[in-house]
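Ligands are counted one by one from 1 in listed order, and the atoms in each one are counted from 1 as well. Here the structure is a predicted model, which is why all the values come from computation and not from measurement. Index from 1, following the sequence. All values below come from the heavy atoms of this structure, side chains included, with hydrogens, waters and symmetry mates left out.
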Amino acid sequence: MIHMQSISLRREERDILSGVDLHMEKGQHWVILGRNGSGKTTLLEMMTGYMFPSTGTVDVLGYRFGACDVREVRKEIGYISQSVIEKLSLSDPVWEIVATGEYAFLRFYQAIDENVRLKAIRLVEEVGLGHMVNQSLGTLSQGERKKILLARSLMSNPKLLIMDEPCAGLDLHEREKLLVDLGRLTDRGLMVVYVTHHLEEIIPLFTHVALLHEGRITAAGPKEEVLSAEALSQAYDWPVEVEWVDGRPWIRAVAKSGGVAR
Ligand SMILES: Nc1ncnc2c1ncn2[C@@H]1O[C@H](COP(=O)(O)OP(=O)(O)OP(=O)(O)O)[C@@H](O)[C@H]1O
């Protein structure tokens, strides 16, 4: 479903990504981990056609970027990220923001079909924010905006859901609810690619993990193989220990002198 081959990206005399090969197949759900600035968001922006590599090829859902209409591909992709929130109009009502997802528009400049309006309202209710449907996006909290983006991305029945730190800014209760919702969504046959800084968000539905370090993939494959203390210590440039509880990995930073960091 996603094939990135020999990807590199050079900006301002710097290699942001180098020699990236990633192959994500149907039935898999991926998490991408790495330090701040390692290139995770850049990779996601390439998967959604918002950025193009300096060299290499990106194939998503059978389309090759650079040789297809990016708008058509985006209709099949739900993208949840701060960068999308920043592109939306904070003064538009929540239901209208969600409705734009039907056409992969950022904003409407024409009358909105009544069926599209009703579908948008239903999805806002589904993510638990029905009481805010007429409020403007700018009046919502960061966590509520993430949920609105999830509702928006479901408007077009996407085949692929790409999520960049969707749980950032959510409290524990809201985080767990969103992760449960994600489990429900994958029942529809949707593939998820998920970036996070928090290993405990790697719930059992995720099958594969890629580790990025300074723009290079240092490990990629089934999560049980990739999430070793050794590979993660290398990715984070810090010694860590990993413990699995109920099918979820938990990471603990170890003080460089030997004890647990406080
Ligand atoms: N247009 C650009 N021009 C120059 N440098 C850029 C550009 N876009 C991204 N970068 C740099 O590329 C690197 C990777 O950025 P990216 O946002 O992909 O990292 P990230 O792994 O998502 O980081 P974080 O975890 O902090 O969100 C960063 O050092 C960033 O400053």
**Asked** Where do V226 and G221 come nearest, in terms of heavy atoms and distance?
**Response**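 Heavy atoms of V226 and G221 come nearest at CG2-N, 3.4 Å.
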**Prompt:** Can you list the steps and then say if M163 with V192 is a side chain to side chain contact (heavy atoms under 4.5 Å, CB included)?
**Reply:** CA-CA 8 Å; M163 310 178 91; V192 183; 4.1 Å; yes
**Message:** Strictly less than 4.0 Å: does any protein heavy-atom distance to atom 4 (C) of ligand 1 fall in that range?
**Reply:**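 Yes, because at least one protein heavy atom sits under 4.0 Å from atom 4 (C) of ligand 1.
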**Asked** Hey, is atom 8 (N) of ligand 1 under 4.0 Å from any protein heavy atom?
**Response**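 No, there is no protein heavy atom closer to it than 4.0 Å.
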**Prompt:** Looking at Y50, is R74 sitting on its ring face, NZ or CZ under 6.0 Å from the six-membered ring centre and within 45 degrees of the normal?
**Reply:**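 Verdict for Y50: a cation-pi partner in R74.
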**Message:** Under the rule for side-chain contact (heavy atoms from CB on, under 4.5 Å), what residues qualify as partners of F52, not counting sequence neighbours?
**Reply:**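 Testing F52 for side-chain contact (heavy atoms from CB on, under 4.5 Å), a comparison that skips the adjacent residues, returns F65, V70.
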**Asked** Could you walk me through whether M132 and V124 pass the side chain to side chain contact (heavy atoms under 4.5 Å, CB included) check?
**Response** CA-CA 8 Å; M132 294 182 162; V124 174; 5.8 Å; no
Report the nearest protein non-hydrogen atom to [atom]: residue, atom name, distance rounded to 0.1 Å.
atom                    : answer
atom 24 (P) of ligand 1 : N36 ND2, 3.6 Å
atom 16 (P) of ligand 1 : T42 OG1, 3.6 Å
atom 17 (O) of ligand 1 : T41 CB, 3.6 Å

**Prompt:** Does H197 come within less than 4.0 angstrom of ligand 1, counting non-hydrogen atoms of the residue?
**Reply:**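 It does, in that a heavy atom of H197 comes within the 4.0 Å cut-off of ligand 1.
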**Message:** Quick check on G39 - does any of its heavy atoms sit under 4.0 Å from an atom of ligand 1?
**Reply:**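 A heavy atom of G39 does come that close to ligand 1.
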Option of least heavy-atom distance to [atom] (set: [options]):
atom                    : options             : result
atom 21 (O) of ligand 1 : K40, E165, Q82      : K40
atom 11 (C) of ligand 1 : D15, L33, I16, L212 : I16
atom 31 (O) of ligand 1 : R14, E13, R11       : R14

**Request:** Give a yes or no on this: more than 12 heavy atoms of other residues, nucleotides or ligands lie within 6.0 Å of atom CZ of R175.
**Result:**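 Enclosed: over 12 neighbouring heavy atoms sit under 6.0 Å from CZ of R175.
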**Close N or O approach (G37, ligand 1; < 3.5 Å)** =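 Yes, there is a polar N/O contact under 3.5 Å.
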**side chain to side chain contact (heavy atoms under 4.5 Å, CB included) evaluation trace for M155 with V116** = CA-CA 9 Å; M155 279 297 287; V116 171; 3.8 Å; yes
**Asked** Out of L22, I2, V20, I7, which one pairs with V58 under the side-chain contact (heavy atoms from CB on, under 4.5 Å) rule?
**Response**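 By the side-chain contact (heavy atoms from CB on, under 4.5 Å) criterion, V58 pairs with just one of L22, I2, V20, I7: I7.
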**Atoms in ligand 1 with a heavy atom of S38 nearer than 4.0 Å** =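 So the answer, numbered in order with elements, is 19 (O), 21 (O).
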**Item:** Proximal atoms of ligand 1 relative to R35 (non-hydrogen, under 4.0 Å)
**Value:**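 Heavy-atom distances to R35 below 4.0 Å select 21 (O).
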**Prompt:** Is the backbone of M1 close enough, under 3.5 Å, to the side chain of K26 for a donor and an acceptor to pair up by distance?
**Reply:**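 No; judged by distance alone, with no hydrogens or angles, the pair does not exist.
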